[in-house]
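In what follows, a structure is listed as structure tokens, so that the remarks can point back to it.
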Amino acid sequence: MKRELEACFDAALVRLGWIAPSGSLIERPRETGHGDYSSHVALRLAKSLGKSPLAVAQTIVSNLPPAFEIERIAIEPLGFINIHLSQEALLRELARMMDGTHPYGHSPPGATRVLIEFVSANPNGPLHIGHGRGAAFGDALARVLEATGSCVEREYYVNDAGRQMDILALSVWIRYREYLTRVTQAFPSAGYQGDYIRDLAGKLVGAEGSRFLRDDERAPLPPDTPESDGADRHVDARIALMKEALGDEDYAAVLDFARGQMLELIRQDLLEFGVRYDRFYSERSLYTEGQVNELIRLLAERGETYTQDGALWFRASTHGDEKDRVLMRSNGAYTYFAPDLAYHLDKMRRGYDRLINVLGSDHHGYAPRIRAGLEALGEDPHHLEVRLVQFAVLYRAGQRVQMSTRSGSFVTLRELVDEVGRDAARFFYVMRSETQHLDFDLDLAKSQSQENPVYYVQYAHARIASLFRECAERGLELDQSDRQDWERLDQPLERTLLTILIRYPEVLEQAADGSAPHLIAQYLRELAQAFHAYYHAVPLLVSERSLRNARLSLCFAARLILADGLSLLGVSAPSKM
RNA sequence: GCGCCCGUAGCUCAGUUGGAUAGAGCGCAGCCCUCCGAAGGCUGAGGCCACAGGUUCGAAUCCUGUCGGGCGCGCCA
């Protein structure tokens, strides 16, 4: 609708030989008295034309091509042009909504290929509530992009190489020996202490029996002190002893087992959260397939590296990063930056039109570093779109729920979903702009009343479903064949509801363009409210057939949009509650 | 100290890429079921858009500075 009107205005400007100003010609006025749409082109053009805005507006309006969409057009003294839509235009949109072959507001799949990487949490523990927000946001964004015609792939980058995997293996192995020997072992403070490690150890016993049972207590160990890096040195020594005790092959077997199980746990958590990935991309594969080495070679060829203090550095500061970055440490081990950059180079080369990275806000230093690397490699760094998701803080009974990663006693995504349900969790996560810190009120998310926005929206959907069940019982099925009936939709509340419904395509477009799924949540609340008001004020199951058909059609359309919007957020649309 | 994000109603937040008199929800004060779901509806009060400058026909929105909050700044991951 907006697009049609914009075309009209464009045509008028072309006819007049005036150059359209940048930005949108048509917008939604916030005052309902200012029409369904309005334009401020005249104000923008007045100065360059040397005429008054009012005169410009009058000229434009008199040059508009005739359009059936427009019922009435009003020029305000300031120069605003206000457009009131015809009922015919509204009903044409209603017909599009009711058309079952194509969801209203969606675009058919096009050629644009998008890769969206999100969550990508390290596989050394279960997902927590911070990851949950990234998951809800990333997946909703993916769904919105799909709905607006993009071909989307969801990808999870698995940091399954390096020291943290060693720590995971060690942690599991210690619990494994405890499990078998019933003797409590000294547990390193830098190890992973959560109960899930015990679960993994139990599974290891189930799968492999006691074949990894060895002793590692021989050498004197560095003390496990919190001062300086005592804990790190201690854990590294324990890892070395473990490797020695098990031998390379068995060590790799334990590590692979722990890694595989951990990944499976994460995959399962995400699946139950309604998030399905197309690909889990392994960091380790970048080593085994030589991409890390190739990256280093490419950078060196381009003169982007140098050696200092025995380490290999990348000249990041010449590409906009605040300082140079180490690629390979003096001990010969790669930093995480090297494979991460190799990964992003690989993504670039796979030929997507858009690359989106959803990261936690604590990773904001990461983007300039990767961009610097891509630029040094001759890629366009702006091709990578980074969305930073701010933290979520849980509140229970008005009190902040403390989150501590130490001792592994953080709130997991699974616990959150168990407590408030998947629908509430997903809706609350994406209800606010991802740039905002999120206060997640657990009590509100659980409450089943109007104060809870999820229930409010879902209730509107269930209410319509119930209405149609009532119809069926009374033998008053909706007859969609006769669209002449729709002209009976002449109540102000019906017009209000219709104008909200026809806005849906614009909301989707805006949410897709701005990576802003929260706009959909906002919109659904508004739509639900308009429906509830309508439902309350206007009798729907009236005896007169044509009037009843008209009103039921409107309800039917509202139901379709509510269900569609909820599904884009990954929230169910129940028929009964 | 440097960098990124954020300051809008008592609380939690929108604000359509610079437009008209500033928008919701919750909370608060009232009112509304003989009726298709009251898990609902209606009405009301509540604002110096953190502060100070600047840009222009026009600023919550853009620029600069100040104050306040969150986060990040390793040969960690």
Side-chain angles (χ1 to χ4, degrees), chain A residues 2 22-24 26-31 33-34 38-40 43-44 46-47 52-53 76-80 82 122 124 159 162-164 167 229 232 308-313 322-323 325-331 333-337 340 360-368 388 390-391 393 395 398 431-433 435-441 444 447-453 455-456 458-460 462-471 473-474 476 503 506-507 509-510 513-514 516 518-519 521-522 525-526 529 531-542 551-552 555 576-577:
Chain A
K2 189 178 169 188
S22 63
S24 186
I26 301 290
E27 62 181 2
R28 288 251 172 202
R30 40 174 151 234
E31 285 283 320
H34 294 149
S38 73
S39 175
H40 58 259
L43 285 83
R44 310 262 318 259
K47 197 176 185 186
S52 79
E76 299 299 315
L78 284 168
F80 290 98
N82 295 337
N122 292 338
N124 53 21
N159 287 112
R163 181 165 169 262
Q164 61 172 351
I167 297 177
D229 51 356
D232 286 334
Q308 186 185 306
D309 305 329
L312 185 68
W313 295 72
E322 51 187 47
K323 56 177 85 164
R325 305 289 173 181
V326 173
L327 288 162
M328 188 194 284
R329 295 194 286 266
S330 52
N331 66 7
Y334 286 113
T335 61
Y336 271 60
F337 175 56
D340 282 1
S361 63
D362 52 338
H363 288 76
H364 68 248
Y366 180 85
L388 295 172
Q390 300 293 321
F391 289 162
V393 179
Y395 285 84
M431 169 166 81
R432 308 295 183 206
S433 159
T435 61
Q436 289 283 347
H437 291 248
L438 178 69
D439 286 343
F440 196 120
D441 185 336
L444 180 62
S447 88
Q448 308 203 350
S449 66
Q450 62 163 345
E451 66 215 29
N452 184 342
Y455 279 86
Y456 186 78
Q458 287 183 320
Y459 177 55
R463 217 177 193 186
I464 301 173
S466 161
L467 180 68
F468 280 94
R469 279 195 298 274
E470 181 72 21
C471 284
E473 259 173 50
R474 298 195 199 173
L476 304 173
R503 214 173 75 214
E506 292 158 38
V507 172
E509 194 181 314
Q510 236 175 292
D513 291 349
H518 73 277
L519 294 178
Q522 217 81 25
R525 218 142 65 143
E526 198 183 328
Q529 184 173 36
F531 172 75
H532 285 309
Y534 177 56
Y535 180 91
H536 184 262
V538 179
L540 302 170
L541 299 182
V542 292
R551 291 178 177 172
L552 284 178
C555 293
K576 268 186 189 167
M577 296 171 69

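Model, not experiment: these values are computed from the prediction. The sequence lines fix the lettering, A, B, ..., with proteins before strands; numbering per chain opens at 1. Keep in mind that the numbers below use all heavy atoms, side chains included, and drop hydrogens, waters and symmetry copies.
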Q | Assigned partner base of B/G3, Watson-Crick or wobble definition, under 3.5 Å | A | B/C71
Q: May I ask which nucleotide in the shown strands pairs with B/C42, Watson-Crick or G-U wobble, both distances under 3.5 Å?
A: B/G30
Q: Could you please name the option among B/A20, B/A14, B/G74 that lies closest to any side-chain atom of A/S433?
A: B/A14
Q. With nearest nucleotides of RNA chain B determined for A/Q390 and A/D439 from heavy-atom distances, which residue corresponds to the more 5′ nucleotide?
A. A/Q390
Q. Is there a donor-acceptor pair closer than 3.5 Å between any side-chain N or O of A/N82 and the backbone N or O of A/S38?
A. no
Q.
Tell me whether A/N122 contacts the main-chain N or O of A/N124 through its side chain, where contact means a donor paired with an acceptor under 3.5 Å.
A. no
Q: If B/U64 has a Watson-Crick or G-U wobble mate with both distances under 3.5 Å, name it; if not, just say none.
A: B/A52
Q) Would you call A/R325-A/D340 a salt bridge at under 4.0 Å N-O? A) no
Q) Under a 3.5 Å cut-off for both distances, is B/C76 Watson-Crick or wobble paired, and to whom? A) none
Q.
At 4.0 Å (heavy atoms only), tell me whether A/P539 reaches a base, stays on the sugar-phosphate, or touches nothing.
A. base
Q: Send over the distance from A/Y336 OH to B/C75 P, rounded to a whole Å.
A: 16 Å
Q: Please indicate yes or no: is the ring centre of A/H364 less than 5.5 Å from the centre of the six-membered base ring of B/G72, with the two planes inclined by under 30 degrees?
A: no
Q. In the structure shown, which nucleotide is the Watson-Crick or G-U wobble counterpart of B/G25, with both distances under 3.5 Å?
A. B/C11
Q: Using the closest heavy atom to pick a nucleotide of RNA chain B for each, name whichever of A/H363 or A/F391 lands nearer the 5' end.
A: A/F391
Q. Would you call the rings of A/H363 and A/Y366 parallel, tilted or perpendicular if under 30° counts as parallel and over 60° as perpendicular?
A. perpendicular
Q. Rounding to a whole Å, what distance do you find between A/H536:NE2 and B/C31:P?
A. 16 Å
Q: Provide the Watson-Crick or G-U wobble partner of B/U17, both distances under 3.5 Å; none if there is no partner.
A: none
(Q) Rounded to whole Å, how long is the line connecting atom CG of A/L327 with atom P of B/G74? (A) 16 Å
Q. From the list B/G19, B/A14, B/C36, which nucleotide is the closest neighbour of the side chain of A/L43?
A. B/G19
Q. Under 4.0 Å between a side-chain N/O of A/R28 and OP1 or OP2 of B/G15, yes or no?
A. no
Q: Return the value, rounded to whole Å, for the distance between atom OH of A/Y334 and atom P of B/C76.
A: 16 Å
Q.
When you measure only distances, ignoring hydrogens and angles, does the side chain of A/H40 come within 3.5 Å of the base of B/G18 through a donor and an acceptor?
A. no
**Q.** Per-pair stack call A/F80 and B/A20, 5.5 Å, 30°
**A.** yes
(Q) Using Watson-Crick or G-U wobble geometry with both distances under 3.5 Å, which nucleotide pairs with B/G47? (A) none
